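Computed from a predicted structure; not experimentally measured.
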Amino acid sequence: MDSVDWQPTIAQSINLCDAALTCGYKYVRKVKSKTELSDVLSEEKSSPSFIEVFVKKGAKLVSQK
């Protein structure tokens, strides 16, 4: 798994959603596709919220100006 500038990360070995719940987040979701992300973003959420978004390895941000 990679992160900013393809730096190695241990995120795949940590359950970030469980950690978010433990830290008091009321709304926690994990998404793996654009459709899932769109659905989650359109849901009414409790605050604070945590959304873990999986992306393809090497994916780059595309600006939507």
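Atom NZ of K30 sits about 9.0 Å away from atom CZ of F50, to the nearest 0.5 Å. Rounded to the nearest 0.5 angstrom, L41 CG and I51 CD1 are separated by 5.0 Å. Going from atom CD of E52 over to atom CD1 of I14 covers 10.0 Å, rounded to the nearest 0.5 Å.
Listed by chain and number, the residues in a side chain to side chain contact (heavy atoms under 4.5 Å, CB included) with E36 are V31, K32, S33 (sequence neighbours excluded). Scanning for side chain to side chain contact (heavy atoms under 4.5 Å, CB included) contacts around S47 gives an empty result, with sequence neighbours left out.
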Got a list of side-chain donor-acceptor pairs under 3.5 Å for residues 22-29, not counting sequence neighbours?
| unit_1 | atom_1 | unit_2 | atom_2 | d |
| --- | --- | --- | --- | --- |
| T22 | OG1 | D18 | O | 3.0 |
| Y27 | OH | V40 | O | 3.4 |
| Y27 | OH | E43 | OE1 | 2.4 |

